[in-house]
Amino acid sequence: MAEEPMTVDDNDAAEWPGRWDHIKKLLERSGPFATPEFEPSPELLGIMLEHLRVLVIGAGGLGCEILKDLALSGFRQIDVIDMDTIDLSNLNRQFLFRTKDVGKAKATCAADFINNRVAGCNVTPHFKRIEDFDETFYSQFHLIICGLDSIVARRWMNGMLLSMISYDEDGNMDPNTVKPMIDGGTEGFKGNARVIIPGTTPCIECTLDLYPPQVNFPMCTIAHTPRLPEHCIEYAKVLLWPQEEPFGAGVGIDGDDPSHIQWIFEKAQERADQFNIAGVTYRLTQGVVKRIIPAVASTNAVIAAQCVTEAFKIATSCCFPLKNYMVFNDTDGLYTYTYEAERKEDCLACSQAPQMLEFPEDATLQTLVDHLTENNTLQMKAPSITTTMNGRNKTLYMQSVEAIRKKTKENLPKKLTDLGLSTGQELVIADATTPNSLVFSLKLVPK
């Protein structure tokens, strides 16, 4: 592939004869798999080329493949969000980038490459976090494709799309406020793709237990009897960092900051030398800190192709979309399987059921926090808990602001009843996994 792709500025000149013949075959005639709403028409191609807006979240290994497939499938109005920069190790599979791009924003470089390479395509980059945008931004798009490596980001995006749905007085959804989301994920030689219609099909939270749990090492092993290089890295990350505060008080670890990774690597190497443990490297350190899972280019290609195929089906109605979860595995041979996941009636995100937290009367605030973070259904990261007492807001515990965390940490060993809480009390809980605060009703039962 050429280092500097050909540029075509005139969109009209880019429409050479026969360019979209393969797509016209799908849009200008019906078939046995078409939806009842599908009406074959030559006008569908023009709508798709010029008016349909797609948002791609993530411009990494999977995101690069998705952007390429979209551009070659007739999607022209594309936005891409990614907050990461290009690392040298990305180049073996993220093919939109070159050596000269190392250190630059992934979203910007990916957009520039597609715009230059695919005539008439208009990719708009956003070198930001998804949390930096509000409902007004996301409402511009007809559908959203996620190529993320973060469960937290998926859950946040899921919550945002659900919060955008409007209902009439009879409880019926306004279809114009429903934004379909196609989610793809890869893990080595395994992958999955799913179609989520917010408010109709199972959402991310409904099937949260399908995601593999993060690997956690026992604290006693990390602190006293390390055996693996990962133990040494976790020691530097979990124990030494908060003790020594190498970059200032309250500064958390940034996995994308080379100076942070280098500090942890050096401390982990010292720890490994003490226990005669080999294998601590900078790359392994970065992988442990960022919880990086090895990526395989062929898996990314397969899952991206599935995601874009589903996007095409949803955008044109030329075929029924996936119902609603596809798994792929080529670890040993080739295996795919599609099944229909079901919505949870008491889903935290998409159900209308009231949410309740039940604890014994002698439970402490620490018990509540542990439940929020360790329960398979909730899996929160750093919940902040507030309530209302005597008409005033009261913060019980907050982790996101260091000064408030230190002050409210004193509440953790206290019983919920000693904090003035009782059955029926409403708790408002904010967490990084959702853009909106969640309201729970507390129920205290005798032991």
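Please read these numbers as outputs of a predicted model, since none were measured by experiment.
- Side-chain contact annotation: Asn436 with Thr434, donor-acceptor N/O pair under 3.5 Å absent.
- Once rounded to the nearest 0.5 Å, the distance linking CD of Gln77 with OG1 of Thr124 reads 7.5 Å.
- Distance check: Asn158 CG to Cys206 SG gives 8.0 Å after rounding to the nearest 0.5 Å.
- Proximity of Leu91 to Ile86: side-chain heavy atoms (C-beta onward) are separated by under 4.5 Å at one or more points.
- In summary, the side chains of Ser150 and Arg155 do not present any donor paired with an acceptor at a separation below 3.5 Å, with no hydrogens or angles considered.
- Looking only at side-chain heavy atoms (C-beta outward), Val123 and Asp79 stay at 4.5 Å or farther from each other.
- Screening residues 311-328 for side chain to side chain donor-acceptor pair (under 3.5 Å), with sequence neighbours left out, gives Glu310-Lys313.
- Listed by first then second residue, pairs satisfying ring-ring contact (aromatic ring centres under 6.0 Å, His included) with a partner in residues 351-385 read Phe359-His371, not counting sequence neighbours.
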Give the table of side-chain donor-acceptor pairs shorter than 3.5 Å for residues 237-244, with sequence neighbours excluded, one pair per line with atom names and distance.
residue: Trp241; atom: NE1; partner: Val251; partner atom: O; Å: 2.9

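- A heavy-atom distance below 4.5 Å is not found between the side chains of Ser441 and Leu357.
- Using cut-offs of 30° and 60° on the angle between ring planes, the pair Phe137 and Phe141 is perpendicular.
- Gln366 and Asp370 share a donor-acceptor pair across their side chains, judged by distance under 3.5 Å alone.
- Annotation: side chain of Val80 is in contact with side chain of Leu67 (closest heavy-atom distance under 4.5 Å).
- Counting only heavy atoms from C-beta outward, the side chains of Leu208 and Gln379 approach each other to under 4.5 Å.
- The closest donor-acceptor contact from the side chain of Arg343 to the backbone of Gly199 lies under 3.5 Å.
- The distance from the CG atom of Leu419 to the CG atom of Leu368 is 10.0 Å, given to the nearest 0.5 Å.
- Using a 4.5 Å cut-off on side-chain heavy atoms (C-beta onward), Pro258 and Phe265 make no contact.
- Side-chain contact, Thr364 with Thr367: a donor N or O sits under 3.5 Å from an acceptor N or O.
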